[in-house]
*Asks:* 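Below is a structure I'd like to ask you about.
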Amino acid sequence: MKWLHSHNSNMILADITLLCTAAIWGGGFIAAKEALVTLSSFTILASRFLLSALIMFFLFYPRIRRAAAKELRFGMLLGLIQYIAFICQLEGLKTTTVEKQSFLVTSYVIFVPALSWLITKKHIQPREIGCALLALCGLALLCLHSDAFVLAAGDILSIGFAVFFALQIVYVGNVVKNADIFSMTFFQFLTTGLLALPFLDISGLQQVRVSAIYGMLYLVILNTTFAFLAQNLAQQYTKDTHASLIMSLESVFGFFMAVWFYHDPVTLQEGTGCLMMMAAIILSKVKG
């Protein structure tokens with residue numbers, strides 16, 4: 001009974017942590033858009049993840065120094081997946097809107113159950129698939145409008161992000177359960193940053209705007225160092241399909257932050273989409 005109480009407490013804490021992560025990532029859409037005004041995708045990616053790795057190194061050096069080969073191996077693979085995903089996201093953001101991308105990238109909520117079944121062969125409950133579809137419908141109502149169903153190059157790249165990020169969620173949720181999360185996350189950040197480093201373009205630094213600097217600080221400290229570490233820790237205590245549902249709320253947070261930042265009005269359709277996403281998460285917690 002004591003173990004059960006502890007297990008339930010860990011699950012609740014994991015859900016709260018993932019919700020905070022979603023809120024931070026929601027603000028990341030605007031931060032990335034502002035940074036892209038004067039900085040290239042590879043400059044943002046290299047700076048963001050190398051600086052985050054540096055922060056992790058200073059905070060958790062004793063654990064990193066004791067890291068085993070599996071932490072290095074897990075972290076490098078996650079870093080490679082993350083590198084491909086974020087190149088897709090940043091390049092896609094150049095030719096699509098914040099609102100539209102916030103839907104497309106968060107469609108990982110529907111890719112996670114499929115990839116989880118393909119990789120782990122674990123049975124996926126019909127309720128989990130239903131909740132994912134309900135959340136996807138809510139996302140569509142929230143972010144898509146009458147002219148948004150025509151896919152541009154940026155939209156296709158944004159869907160590419162969703163596929164690779166879904167792969168990252170499934171991998172963290174099923175493979176790295178026994179790894180030291182702090183050292184593994186350090187190698188994850190370091191790998192992503194080093195892969196982007198050869199393509200670094202410093203020409204934009206000469207005309208960098210203040211809003212781009214603030215955007216980069218947000219991406220480094222909150223969106224990367226804190227949020228990805230929090231995700232990796234929280235996924236040790238919850239299913240990958242449920243985690244993806246909570247994290248998909250980043251689109252809701254991103255939408256309302258974009259509304260606040262760009263002063264766009266909120267419609268009944270968008271409000272209905274938010275309610276559908278919340279319903280999907282609540283239903284996913286109901287015992288079948």
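Note that the coordinates shown come from a computational prediction; the quantities given were computed from them, not determined experimentally.
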*Asks:* Just do the side-chain contact (heavy atoms from CB on, under 4.5 Å) check on Ser47 and Val220 with the steps written out, would you?
*Replies:* CA-CA 8 Å; Ser47 303; Val220 170; 5.9 Å; no

*Asks:* Return the CG to CE distance between Asp180 and Met184, rounded to the nearest 0.5 Å.
*Replies:* 9.0 Å

*Asks:* Is Phe187 atom CZ crowded by more than 12 heavy atoms from other residues, nucleotides or ligands, each under 6.0 Å away?
*Replies:* yes

*Asks:* Show, in sequence, the C-alpha distance, side-chain angles and deciding distance for Phe253 and Leu19, and conclude whether the side-chain contact (heavy atoms from CB on, under 4.5 Å) test is met.
*Replies:* CA-CA 10 Å; Phe253 288 111; Leu19 185 63; 4.1 Å; yes

*Asks:* Heavy atoms, side chains only, cut-off 4.5 Å: are Ile81 and Leu77 in contact?
*Replies:* yes

*Asks:* Ile119 versus Leu167: any side-chain heavy-atom pair under 4.5 Å?
*Replies:* yes

*Asks:* Could you tell me the separation between the OG1 atom of Thr224 and the CH2 atom of Trp25, rounded to the nearest 0.5 Å?
*Replies:* 9.5 Å

*Asks:* According to a hydrophobic-cluster definition based on side-chain heavy atoms being under 4.5 Å apart (Ile, Leu, Val, Met, Phe, Trp, Tyr only), do Phe199 and Phe189 belong together?
*Replies:* yes

*Asks:* Keeping Gln235 on the side-chain end and Ile169 on the backbone end, is there a donor-acceptor pair under 3.5 Å?
*Replies:* yes

*Asks:* Give a yes or no on whether Tyr108 and Ile87 share a hydrophobic cluster (residues Ile, Leu, Val, Met, Phe, Trp, Tyr; joining criterion: side-chain heavy atoms under 4.5 Å apart).
*Replies:* yes

*Asks:* Return the CG to CE distance between Leu134 and Met276, rounded to the nearest 0.5 Å.
*Replies:* 5.0 Å

*Asks:* Find the distance between CG (Asp240) and OG (Ser116) and round it off to the nearest 0.5 Å.
*Replies:* 3.5 Å

*Asks:* If two hydrophobic side chains count as joined below 4.5 Å and joins carry through other members, does Leu157 share a cluster with Ile110?
*Replies:* no

*Asks:* In the structure I gave you, are the side-chain heavy atoms of Phe182 and Ile64 within less than 4.5 Å of one another anywhere?
*Replies:* no

*Asks:* Tyr83 vs Phe42 aromatic rings, parallel, tilted or perpendicular, using cut-offs 30° and 60°?
*Replies:* tilted

*Asks:* Minimum heavy-atom separation for Leu219 to Ala32, with atom names?
*Replies:* CD1-CA, 4.1 Å

*Asks:* Mind listing the closest non-hydrogen atom pair of Val112 and Ser244 along with its distance?
*Replies:* CG2-CB, 3.7 Å

*Asks:* Would you check, one step at a time, whether the test side-chain hydrogen bond (donor to acceptor under 3.5 Å, both in side chains) holds for Gln231 with Thr21?
*Replies:* CA-CA 7 Å; Gln231 177 207 346; Thr21 298; over 6 Å; no

*Asks:* Step through it carefully: locate the ring centre of Phe86, locate the ring centre of Phe228, and say whether they are under 6.0 Å apart.
*Replies:* yes

*Asks:* Take Asn10 and Gln236 through the test side-chain hydrogen bond (donor to acceptor under 3.5 Å, both in side chains) and record every step on the way to the result.
*Replies:* CA-CA 9 Å; Asn10 287 336; Gln236 308 305 296; over 6 Å; no

*Asks:* Give the minimum heavy-atom separation between Leu245 and Ala280, together with the two atoms involved.
*Replies:* CD1-O, 4.1 Å

*Asks:* CE of Met76 to CG of Leu80: how many Å apart, nearest 0.5 Å?
*Replies:* 9.0 Å

*Asks:* Parallel, tilted or perpendicular: which describes the rings of Tyr61 and Phe57, with under 30° parallel and over 60° perpendicular?
*Replies:* perpendicular

*Asks:* Rounded at 0.5 Å granularity, tell me how far CZ in Arg48 sits from CE in Met216.
*Replies:* 8.0 Å

*Asks:* Any side-chain heavy-atom pair from Thr17 and Leu233 closer than 4.5 angstrom?
*Replies:* no

*Asks:* Test side-chain contact (heavy atoms from CB on, under 4.5 Å) on Tyr218 and Ile24; report intermediate values, then the result.
*Replies:* CA-CA 9 Å; Tyr218 185 98; Ile24 292 170; 4.0 Å; yes

*Asks:* Checking Ser183 against Phe60 for the side-chain contact (heavy atoms from CB on, under 4.5 Å) test, could you report, in this order, the C-alpha distance in whole Å, the side-chain angles of both residues, the deciding distance, and whether it holds?
*Replies:* CA-CA 7 Å; Ser183 57; Phe60 304 109; over 6 Å; no

*Asks:* Please say yes or no: joined through hydrophobic side-chain contacts below 4.5 Å, possibly via intermediate residues, are Val109 and Leu133 part of one cluster?
*Replies:* yes

*Asks:* For Gly75 versus Thr191, what's the shortest heavy-atom pair and its separation?
*Replies:* O-OG1, 4.1 Å

*Asks:* Thr192 side chain to Gln188 main-chain N or O, any donor-acceptor pair under 3.5 Å?
*Replies:* yes

*Asks:* Write down the atom of Asn223, the atom of Gly28, and the distance for their closest heavy-atom approach.
*Replies:* OD1-CA, 3.5 Å

*Asks:* List the atom of Thr38, the atom of Ala212, and the distance in Å for their closest heavy-atom pair.
*Replies:* OG1-CB, 3.5 Å

